[in-house]
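Right, one structure below, let's go through it.
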There are 2 protein chains.
Amino acid sequence: MAKANDKSRDDADLASPRKRGGPSEATQARRQRQVDEKRRVILGAALELFSTFGFHGTSVDQIAERADVSKGNLLYYFRNKDELYASLLRELLVVWLAPLRAFDPAQDPADAIRGYIHQKLIASRDNPAESRLFCLEIMQGAPIFGDELIANLKRLVDDKRTVIEQWIAQGKLAPVTPHHLIFFLWATTQHYADFSFQVEGLTGKTLRNRAFFAEVERSLCDIVLAGILPH
Amino acid sequence: MAKANDKSRDDADLASPRKRGGPSEATQARRQRQVDEKRRVILGAALELFSTFGFHGTSVDQIAERADVSKGNLLYYFRNKDELYASLLRELLVVWLAPLRAFDPAQDPADAIRGYIHQKLIASRDNPAESRLFCLEIMQGAPIFGDELIANLKRLVDDKRTVIEQWIAQGKLAPVTPHHLIFFLWATTQHYADFSFQVEGLTGKTLRNRAFFAEVERSLCDIVLAGILPH
DNA sequence: GTCTATAACGGGATAGAC
DNA sequence: GTCTATCCCGTTATAGAC
């Protein structure tokens with residue numbers, strides 16, 4: 001966020017001719033808030049479109065229209081389409097990885113996993129677009145955001161691998177391969193976001209349906225926990 | 001395939017001026033084989049590119065280059081880009097759904113599920129591009145192949161739902177929700193194809209590594225079977 | 001900061017020679 | 001059947017008025 005804003009701030013310095021002494025700090029802060037708000041709106045529109053139609057399937061014009069700004073104006077806030085896309089991914093990465101980050105060796109593994117599934121299903125229900133965006137990006141080999149994404153993932157996963165290993169050493173978990181357990185949790189929970197179109201087509205329901213949400217959560221917890229708690 | 005070929009055959013009739021009586025049946029058959037072969041090469045190139053870069057991220061030019069034909073020539077075999085894409089999906093649908101189709105009420109459910117996981121992992125190892133192609137298509141709401149794809153899926157899934165229900169009625173399976181079991185198997189096995197880039201980035205291995213393949217298979221079977229066999 | 005106009009480019013599809 | 005040349009459109013990005 002900080003980095004992404006550097007540019008707009010630089011441009012603003014050039015573009016708005018100041019009287020001697022410049023505007024008050026309050027005025028500057030207000031302007032900055034308006035700038036941030038507009039960036040937020042544009043990023044929101046970009047998220048919806050990129051996650052549905054992909055990077056190449058979405059035009060800057062479409063994003064501008066959805067965000068209710070002109071294309072020229074959009075390209076004042078983001079240097080080009082690539083930067084808009086990268087900003088979007090960078091901003092969402094932290095929140096997208098949050099549920100896994102919560103894993104802690106002090107927790108009971110069953111609680112931790114139940115909690116993870118719950119959090120991830122809520123995210124899949126409320127923010128399916130984010131999930132789809134990362135799905136698309138990773139599936140295509142992360143061509144744009146690339147190394148940054150994988151490097152972040154790797155740091156987190158290495159960290160959580162040791163947590164799972166501790167649980168196993170303490171006899172609290174069956175000897176599963178940590179990587180596969182993590183992939184397993186990712187795959188099953190994200191499925192309901194990434195393939196919501198298919199899930200809805202086949203079952204007629206989405207995670208927004210209370211009963212369906214509970215059913216998914218129970219099914220996943222039952223299967224996973226039965227398979228990984230010490231026998 | 002039959003439908004897709006109608007057009008080329010029509011065009012061939014128009015394009016190649018025949019002497020009275022026309023070419024021998026043997027000659028016609030040979031030509032047809034060459035036509036089929038060329039279509040196959042083009043479809044193969046299209047599969048690799050579409051599954052990696054998506055429909056909009058791939059140009060007809062790139063496909064032509066990879067298939068070693070000119071763009072003009074490619075568009076002689078496929079009316080346009082959309083038709084090429086739809087032909088590809090239609091042709092792969094049957095083989096892609098084959099592993100699930102094998103589910104049979106006479107089988108032991110543990111055997112059936114072990115067999116499914118094995119088949120699907122082999123497919124994920126040997127034909128990851130097909131898996132990614134369907135993943136992309138379904139994730140984007142199946143805009144092009146659309147209703148045809150969902151209709152096919154629905155027929156198959158409804159069929160297998162009753163198989164699973166029978167297993168449960170016979171006490172051979174814990175009372176799982178059939179849909180969720182199916183989603184579960186899809187999600188976990190396809191993960192290794194669709195996210196192979198991520199899997200490799202994090203573990204340093206792919207399904208082509210013998211030991212890794214066995215590890216994945218064992219992990220999946222252990223977890224799933226422990227969770228769904230009658231307790 | 002915001003808009004319109006337009007330059008510059010790439011892609012899909014067709015025409016027509018061979 | 002195959003190729004090259006070309007048309008035409010949509011798209012990105014910039015220039016410049018306000």
Polar side-chain atom of [X] near backbone of [Y] as donor-acceptor pair, under 3.5 Å:
X	Y	result
A:N209	A:F212	yes
A:T162	A:D159	yes
B:T206	B:R208	yes

Could you state the atom-to-atom distance from [atom1] of [X] to [atom2] of [N] in whole Å?
X	N	atom1	atom2	value
B:F78	D:dG1	CZ	C1'	15 Å
B:L49	C:dG12	CG	P	12 Å
A:E37	C:dG1	CD	C1'	16 Å
A:I42	C:dG1	CD1	C1'	12 Å
B:E65	D:dC3	CD	P	13 Å
B:R39	D:dT2	CZ	P	13 Å
A:Y76	D:dA17	OH	C1'	16 Å

TODO: Please work out whether the ring planes of B:F183 and A:Y192 are parallel, tilted or perpendicular, with thresholds of 30° and 60°.
DONE: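 If you compare the ring of B:F183 with that of A:Y192, the planes turn out perpendicular.
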Look at [X] and [N] and indicate whether a side-chain polar atom (N or O) is within less than 4.0 Å of OP1 or OP2.
X	N	answer
B:Y77	D:dG1	no
B:K38	D:dT2	yes
A:N73	C:dC3	yes

Open item on the list: So if I define the base as every atom that isn't primed, P, OP1 or OP2, how would nucleotides 7-14 of chain D read as a B/S/- string at a heavy-atom cutoff under 4.0 Å?
Closed with: ----SBBB
Open item on the list: Starting the side chain at C-beta, find the nucleotide from C:dT2, D:dC3, D:dG1 nearest to B:S70.
Closed with: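 So the side chain of B:S70 is nearest to D:dC3.
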Open item on the list: Can you confirm whether the side chains of A:E148 and A:N152 place a donor and an acceptor under 3.5 Å from each other?
Closed with: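 Absent: no donor and acceptor within the cut-off.
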Task: Partners passing ring-ring contact (aromatic ring centres under 6.0 Å, His included) against A:F184 (at least two apart in sequence or in another chain) - done: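 In terms of ring-ring contact (aromatic ring centres under 6.0 Å, His included), with neighbours along the sequence ignored, A:F184 is linked to B:F184.
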TODO: Would you mind reporting whether A:S51 and A:F134 have side-chain heavy atoms less than 4.5 Å apart?
DONE: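 No, side chains not in contact.
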